Undergrad: 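Supplied in C-alpha cells, the structure appears directly below.
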Amino acid sequence: MTESKSMILGCSGHSITPEERSFYQSEQPWGFILFGRNISEPAQIADLVASLRDSVGRDAPVLIDQEGGRVQRIRPPILPHYPSGQALGDIYRKNREQGLRAAWLMSRLHAFDLLKFGINVDCLPVLDVPIEGSSNVIGNRAYAGDPVTVTEMGRAAAGGLKAGGVLPVMKHMPGHGRGFADSHHELPVVTVSRAELEAHDFPPFAALKDELMAMTCHVVFTDIDPANPATTSRKVIDEIIRGHIGFQGLLLSDDTSMNALAGTIGERAANIVAGGCDIVLHCNGVMDEMQQVVRNVPVLTGAALARAKAVEAAFGHNDGADEASIRAEFDAMLAVA
C-alpha cells in the first residue's frame with residue numbers, strides 16, 4: 001500500500017482536473033479539505049469527494065468547516081443555514097440543558113448532512129474563549145467568553161458529530177480567543193502571562209484532550225515562545241499542547257497559506273513540520289503552492305502515523321438516529337429560543 005504524506009490538501013474547483021488527479025496520485029496526501037469554491041450542487045459534491053478518494057486509491061479523510069453561522073461551506077439551498085456558536089451559547093445561558101442539547105442536535109444534523117456527500121470530518125468544535133475587544137476572526141463563532149460554557153458546549157458538539165459517524169477537529173489549539181489581529185492577514189501576538197492562559201484559554205482543550213484531532217492557531221504567546229506562532233513552535237506544541245493540555249491525538253496546522261505565517265509556502269510547511277505538527281494543512285488548491293508543500297513534508301511515520309491510524313480506525317460509528325426527528329427537535333428548540 002502506498003504511504004501517505006503528512007498533509008491535507010484542497011482542490012481548485014467543482015471537479016478535480018487531470019493535473020490534480022495525477023498530482024494527488026503521485027504525492028498521496030493523507031486527506032483533503034473542501035471550501036465554498038468546491039460547492040455547487042449535491043451530486044457534484046458527492047462526485048468530487050469520490051474522485052478525490054479515487055485519486056489516492058483509498059478511503060482518505062475528507063474535511064470541511066461546517067460550523068454554522070458565517071463559517072458554513074455548504075449553504076442554502078443545498079443545506080439549511082445553521083446558527084452560530086454564539087447563538088447556541090445564548091440558549092445555554094438561558095437553560096443549560098437546552099443549550100447542550102442544541103449543540104448536540106446541530107452537530108448530529110451536520111453528520112447527517114455531510115455523510116450524504118461522503119465528507120467524514122468536520123472542523124468543529126471551536127473551543128476558543130474570546131475576550132473583550134479581540135479580533136472578529138473568532139467573534140460569534142465562539143460559544144461564549146468563559147471557559148466552562150465553551151467546554152461544555154464543545155463537548156456536546158463533538159459528541160453529536162461522533163454519534164453520526166463524523167469525526168471532530170478541535171480548534172484553534174491552544175486558543176485563538178485573545179488574538180487582536182486576524183491571522184488570515186497578520187500575526188496575532190498575545191502578551192498575557194502563561195498563568196492567565198492556563199486559567200482562561202487552555203481549559204476547554206484540556207477537558208477535551210482525548211479527542212482524536214485538533215488544529216493549531218497561528219498566534220504568538222510571548223510568555224511561552226516570543227519568536228514563533230503556536231503552529232511552528234516546538235515549545236508551544238511540546239510544553240503546552242502535548243504537555244500541559246495533554247493532547248496526544250493527531251495535530252493539524254491551521255492553513256499554511258494564511259499570512260500570519262512568515263516565509264514562502266515551502267518554508268512555512270517545513271517550519272510546521274519542524275515545530276511538531278503531525279499534518280500540514282494547505283487549503284486553497286493552488287497548484288504551485290501545493291507543489292511547494294509536498295517538497296517539504298515527510299511521509300507519515302512513527303507517532304504521527306499511529307495517530308493517523310487511530311483516526312482512520314474511528315470512522316464508521318453511527319447511532320442509527322432518525323434524521324427527521326432530530327431535525328424536528330432542533331427546529332422546535334430554535335423556534336422558542
Side-chain angles (χ1 to χ4, degrees), residues 4 8 29-35 38-39 42-54 56-68 71-75 78-80 82-83 85 88 100-127 153-171 208-215 247-252 278-279 281 306-331 333:
S4 56
I8 291 168
W30 180 71
F32 298 96
I33 187 165
L34 302 185
F35 272 69
N38 306 124
I39 307 302
Q44 169 270 323
I45 305 170
D47 287 347
L48 174 58
V49 170
S51 65
L52 288 167
R53 291 195 170 114
D54 183 65
V56 292
R58 57 189 161 79
D59 195 16
V62 177
L63 293 72
I64 198 166
D65 294 288
Q66 192 76 354
E67 297 175 11
V71 179
Q72 181 176 325
R73 308 304 184 199
I74 308 177
R75 294 179 170 273
I78 302 172
L79 292 178
Y82 290 103
L88 297 180
L100 296 176
R101 183 65 177 166
W104 188 94
L105 289 168
M106 191 170 90
S107 282
R108 187 65 187 86
L109 290 172
H110 286 327
F112 280 119
D113 293 341
L114 298 177
L115 281 183
K116 291 171 186 174
F117 307 120
I119 301 167
N120 57 1
V121 179
D122 192 0
C123 298
L124 182 74
V126 176
L127 297 183
M153 293 290 282
R155 183 180 287 117
L161 290 173
K162 291 184 291 185
V166 170
L167 294 184
V169 178
M170 303 182 287
K171 56 190 186 187
L208 276 71
K209 67 181 181 181
D210 293 330
E211 295 297 339
L212 292 174
M213 287 181 281
M215 181 184 294
F247 175 69
Q248 299 304 319
L250 191 71
L251 188 63
L252 288 54
D278 298 314
I279 298 285
L281 177 66
R307 293 171 184 139
K309 286 187 176 298
V311 171
E312 293 164 7
F315 289 120
H317 172 77
N318 194 303
D319 63 3
D322 176 67
E323 180 179 358
S325 61
I326 294 287
R327 197 168 297 280
E329 182 183 355
F330 184 66
D331 289 346
M333 185 173 288

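Just the heavy atoms: all of them, side chains too, but no hydrogens, waters or symmetry mates, feed the values below. Values in this document were obtained by computation on a predicted structure and should not be read as measured data.
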Undergrad: Using a strict cut-off of less than 4.0 Å between a Lys/Arg side-chain nitrogen and an Asp/Glu carboxylate oxygen, indicate whether Glu323 and Arg108 qualify as a salt bridge.
TA: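 No salt bridge links Glu323 with Arg108.
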Undergrad: Mark yes or no for whether Asp122, through its side chain, and Pro168, through its backbone, hold a donor-acceptor pair below 3.5 Å.
TA: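 Here the side-chain-to-backbone pair does not exist.
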Undergrad: Could you give the distance from CG (Leu105) to CG (Asp331), rounded to the nearest 0.5 Å?
TA: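 One finds 10.0 Å between CG of Leu105 and CG of Asp331.
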Undergrad: Between Glu312 and Arg307, is there a donor-acceptor pair closer than 3.5 Å when you use the side chain of the first and the backbone of the second?
TA: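 Pair absent, no side-chain N/O of Glu312 close to backbone of Arg307.
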Undergrad: How far does CD1 of Ile74 sit from CG of Leu114, to the nearest 0.5 angstrom?
TA: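 Taking CD1 in Ile74 and CG in Leu114, the distance rounds to 5.5 Å.
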Undergrad: After noting the C-alpha distance and the side-chain angles of Leu252 and Asp278, does the key distance pass the side chain to side chain contact (heavy atoms under 4.5 Å, CB included) rule?
TA: CA-CA 6 Å; Leu252 288 54; Asp278 298 314; over 6 Å; no
Undergrad: Consider side chain to side chain contact (heavy atoms under 4.5 Å, CB included). Of Ile279, Leu52, Val56, which one does Pro29 pass it with?
TA: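 The passing option is Val56.
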Undergrad: Tell me the closest heavy-atom pair linking Pro83 and Leu88, and the distance in Å.
TA: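 Between these two residues, the closest heavy atoms are CG-CD2, 4.1 Å.
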Undergrad: Between Met213 and Leu167, is the side chain to side chain contact (heavy atoms under 4.5 Å, CB included) condition met? List the steps.
TA: CA-CA 8 Å; Met213 287 181 281; Leu167 294 184; 3.8 Å; yes
Undergrad: Just verifying a value: how many Å separate Ile8 CD1 and Leu250 CG, rounded to the nearest 0.5 Å?
TA: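 Between Ile8 CD1 and Leu250 CG, I get 7.0 Å after rounding to 0.5 Å.
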Undergrad: Under a 3.5 Å distance rule, please check whether Ser107 uses its side chain to pair with a backbone N or O of Ala157 as donor and acceptor.
TA: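 Such a contact is found between Ser107 side chain and Ala157 backbone.
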Undergrad: With a sphere of 6.0 Å drawn around NZ of Lys116, does it hold more than 12 non-hydrogen atoms of other residues, nucleotides or ligands?
TA: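 Enclosed.
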Undergrad: Do the side chains of Pro80 and Arg75 get nearer than 4.5 Å, heavy atoms only?
TA: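 The answer is no, as the side chains (C-beta and beyond) never meet within the 4.5 Å cut-off.
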Undergrad: Is Phe112 close to Leu79 at the side-chain level, that is, under 4.5 Å between some pair of heavy atoms?
TA: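 A side-chain contact under 4.5 Å is absent here.
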Undergrad: Using modelled atom types only, decide if a donor and an acceptor are shared between the side chain of Gln44 and the backbone of Asn38 within a distance under 3.5 Å.
TA: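 Answer holds: yes.
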Undergrad: Would you say the side chain of Leu63 lies within less than 4.5 Å of the side chain of Asn120, judging by non-hydrogen atoms?
TA: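 No, too far: nothing below the 4.5 Å cut-off.
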Undergrad: For the residue pair Leu161 and Leu124, establish whether any side-chain heavy-atom pair is separated by less than 4.5 Å.
TA: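 Sidechains of Leu124 and Leu161: in contact.
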Undergrad: Between Glu67 and Arg73, does at least one N-O distance fall below 4.0 Å, as a salt bridge requires?
TA: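 Looking at Glu67 and Arg73, the cut-off is not met.
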Undergrad: Which heavy-atom pair separates Trp30 from Ala308 by the least distance, and what is that distance?
TA: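 Taking Trp30 first and Ala308 second, the nearest heavy atoms are NE1-CB, 3.6 Å.
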Undergrad: State, with a plain yes or no, whether a side-chain heavy atom of Ile33 is found less than 4.5 Å away from one of Leu281.
TA: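 Side chain of Ile33 against side chain of Leu281, heavy atoms only: contact under 4.5 Å found.
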Undergrad: Do Val121 and Phe32 have side-chain heavy atoms sitting under 4.5 Å apart?
TA: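 A side-chain contact is absent here, since even the closest heavy-atom pair is not under 4.5 Å.
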Undergrad: Under a 3.5 Å distance rule, please check whether Gln72 uses its side chain to pair with a backbone N or O of Tyr82 as donor and acceptor.
TA: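 Judged by distance alone, yes, a pair lies under 3.5 Å.
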Undergrad: Taking the side chain as C-beta and beyond, is there a heavy-atom pair between Phe35 and Asp65 under 4.5 Å?
TA: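 Yes. Closest side-chain heavy atoms under 4.5 Å.
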Undergrad: Using a 3.5 Å distance criterion without hydrogens, assess whether the side chain of Lys171 forms a donor-acceptor pair with backbone atoms of Cys123.
TA: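 Side chain of Lys171 to backbone of Cys123, a donor-acceptor pair under 3.5 Å: yes, one is there.
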Undergrad: Considering all heavy atoms of both residues, which atom of Gly118 and which atom of Val62 are nearest to each other, and what is their separation?
TA: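 Heavy atoms only, the tightest pair is O-CB, 4.5 Å.
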Undergrad: How many angstroms lie between atom CG of Leu115 and atom CG of Asn318, to the nearest 0.5 angstrom?
TA: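 Reported value, rounded in 0.5 Å steps: 7.0 Å.
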Undergrad: State the CG-CD distance between Leu109 and Gln66, to the nearest 0.5 angstrom.
TA: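 Result: 11.0 Å between the selected atoms.
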Undergrad: Which distance, rounded to the nearest 0.5 Å, do you find between the CZ of Arg155 and the CG of Leu127?
TA: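 These two atoms lie 10.0 Å from each other.
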Undergrad: State whether Asp113 and Arg327 are salt-bridged, where the test is any N-O pair (Lys NZ or Arg NE/NH1/NH2 against Asp/Glu carboxylate O) under 4.0 Å.
TA: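 Counted as a salt bridge, because a side-chain N and a carboxylate O are separated by less than 4.0 Å.
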Undergrad: Do you know which two heavy atoms are closest between Leu212 and Ala314, and how far apart they sit?
TA: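 For Leu212 and Ala314, the tightest heavy-atom pair comes out as CD1-CB, 3.4 Å.
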Undergrad: Would you say the side chain of Lys209 lies within less than 4.5 Å of the side chain of Met170, judging by non-hydrogen atoms?
TA: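 When only atoms from C-beta onward are counted, Lys209 and Met170 do not touch, as no gap falls below 4.5 Å.
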